[in-house]
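Everything numeric here is computed off the predicted structure, so don't read it as measured data. Here is the naming used below: chain letters follow the sequence lines, and residue numbers restart at 1 for every chain.
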Protein chains: 2
Amino acid sequence: MTTDRAASSLFAHRLKAARLALGISQMELGIQAGIDEASASARINQYERGKHTPDFLTVCNLARVLCVPTAYFYAEDEHLAELIDLFGHLRSAERKTLLDFAATLPSKKKGGT
Amino acid sequence: MTTDRAASSLFAHRLKAARLALGISQMELGIQAGIDEASASARINQYERGKHTPDFLTVCNLARVLCVPTAYFYAEDEHLAELIDLFGHLRSAERKTLLDFAATLPSKKKGGT
DNA sequence: GCACATACTAAGTATTCCTTAGTTCTCGGT
DNA sequence: ACCGAGAACTAAGGAATACTTAGTATGTGC
């Protein structure tokens, strides 16, 4: 399993991908996320290179700037990452519809009652 | 918005809920997640009370024990948390089905093409 | 009351992050 | 080729946070 090794780079990878999708610089991302202008560039770079990991509040701010749910950064499964991203762009009614549909699908185990 | 305040307790809340759903003690959860027996109880308690936050690798281990995707702990939206949990119990084929269905739903903005 | 399991906490040590100050890389203009 | 500007990237130390240890509280059955 690559879970251990991937753990340190998963967040970094998703952060960089989301930033490039928006087409802004590391410094700009940091500033818009509320980081001091003097350290924004260094910090975002450290995050994207996997050198350091931000605390949860910072991740929330980054997610807001990048227009993805916070959970997106922690999705190990690629399909799950996409699903979370899509969910973030839905209205309340469609979110409910999606959830209801998911509940109808057969689960792997724990058949329930 | 309660995003800021919730940030510190969101992980704690979801961790406790998932542990209780499994019906194991704080110490047992910690031990099964690979934490030293001597500090497992204290650490899990600190996590559930929002006193401290574990690093990403530890979160992955906790998720494995608790049978939820890692991203589940970071879902701000309650519906999203449920969706992630359901996704975790699906087989590969059903995951794809769910993702395809999500893609058919109308998105909030950025109508795109 | 006692014994045991579980939950919880304070405090010091250990570890990690944030800030600062800078270097390297890339590219467009001349 | 050279220069300048913006972007990416890095080392190192001070600042902040988590982990370990040791112990206290709470609840339950005997």
Side-chain angles (χ1 to χ4, degrees), chain A residues 3-68 70 72-74, chain B residues 3-67 70-74:
Chain A
T3 305
D4 295 353
R5 294 181 64 258
S8 57
S9 62
L10 174 66
F11 176 85
H13 179 74
R14 297 223 187 283
L15 179 63
K16 181 167 187 173
R19 177 179 63 83
L20 292 180
L22 217 74
I24 61 177
S25 70
Q26 294 176 340
M27 177 154 62
E28 173 132 6
L29 170 58
I31 291 173
Q32 285 196 31
I35 295 174
D36 188 285
E37 187 178 286
S39 58
S41 172
R43 280 176 62 182
I44 299 299
N45 189 276
Q46 286 161 347
Y47 299 156
E48 285 191 6
R49 307 281 295 180
K51 185 77 186 293
H52 295 308
T53 301
D55 61 29
F56 187 65
L57 181 56
T58 300
V59 180
C60 288
N61 291 331
L62 291 171
R64 186 155 36 240
V65 175
L66 297 171
C67 302
V68 293
T70 303
Y72 171 82
F73 295 113
Y74 301 101
Chain B
T3 304
D4 294 352
R5 292 180 66 259
S8 57
S9 62
L10 174 67
F11 176 86
H13 179 74
R14 297 223 188 283
L15 178 63
K16 181 167 188 174
R19 177 179 64 83
L20 292 179
L22 217 75
I24 61 177
S25 70
Q26 295 176 340
M27 177 152 64
E28 174 133 4
L29 169 59
I31 292 173
Q32 285 196 33
I35 295 174
D36 188 284
E37 188 178 286
S39 57
S41 173
R43 280 176 62 182
I44 300 299
N45 189 277
Q46 286 161 346
Y47 299 155
E48 287 190 5
R49 307 279 295 180
K51 185 75 184 293
H52 295 307
T53 301
D55 61 30
F56 187 65
L57 181 56
T58 300
V59 179
C60 288
N61 291 331
L62 291 170
R64 186 156 36 242
V65 174
L66 296 171
C67 302
T70 303
Y72 170 82
F73 295 114
Y74 300 102

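L15(B) is listed as a side-chain neighbour of L29(B), based on a closest heavy-atom distance under 4.5 Å. In this structure, the side chains of D55(B) and T53(A) stay at 4.5 Å or more apart for every pair of heavy atoms. Between F73(A) and V59(A), the closest side-chain pair of non-hydrogen atoms falls below 4.5 Å.
One atom, CZ of F56(A), and another, C1' of dA16(D), lie 19 Å apart when rounded to the nearest Å. Taking atom CG of residue L20(B) and atom C1' of nucleotide dA7(C), one finds them 12 Å apart after rounding to whole Å. Between the P atom of dT16(C) and the CG atom of D55(B) lies a distance of 8 Å, rounded to the nearest Å. Between the P atom of dA7(D) and the NZ atom of K16(A) lies a distance of 15 Å, rounded to the nearest Å. We find that OH of Y47(A) is positioned 16 Å from P of dC9(D), with the value rounded to whole Å. Atom CD of E48(A) and atom C1' of dA7(D) are 12 Å apart (whole Å).
In terms of the side chain to side chain donor-acceptor pair (under 3.5 Å) criterion, S41(B) has no residue partners (sequence neighbours excluded). Residues that satisfy the side chain to side chain donor-acceptor pair (under 3.5 Å) test with Q46(B), not counting sequence neighbours, are absent from this structure.
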Short heteroatom pairs, N/O only, protein and nucleotides 9-11 of chain C, under 3.5 Å:
from, atom 1, to, atom 2, distance (Å)
dT9(C), OP1, R49(B), NH2, 2.9
dT9(C), OP2, R49(B), NE, 2.9
dT9(C), OP2, R49(B), NH2, 3.4

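Contact detail for A33(B) and L62(B): the closest heavy-atom pair is CB-CD2, 3.7 Å. A pairwise comparison of heavy atoms in Y47(B) and A12(B) identifies O-CB, 3.2 Å as the closest pair.
At a non-hydrogen distance threshold of 4.0 Å, S25(B), Q26(B) from residues 23-36 of chain B come into contact with DNA chain C.
Each end of the helix from dG1(C)-dC30(D) to dT30(C)-dA1(D) gets its own axis from five base pairs, and the two axes differ in direction by 30°, given to 10 degrees.
The stretch residues 10-24 of chain B participates, sequence neighbours left out, in these salt bridge (Lys or Arg N to Asp or Glu O under 4.0 Å) pairs: R14(B)-E78(B), R19(B)-E48(B).
A donor-acceptor pair shorter than 3.5 Å cannot be found between the side chains of N61(A) and T58(A).
Atom CD1 of residue I44(B) and atom CD1 of residue I35(B) lie 4.0 Å apart, to the nearest 0.5 angstrom.
Taking side-chain N and O atoms only, S39(A) has no distance below 4.0 Å to OP1 or OP2 of dT20(C).
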Residue pair L10(A), T70(B): steps toward the side chain to side chain contact (heavy atoms under 4.5 Å, CB included) verdict: CA-CA 12 Å; L10(A) 174 66; T70(B) 303; over 6 Å; no
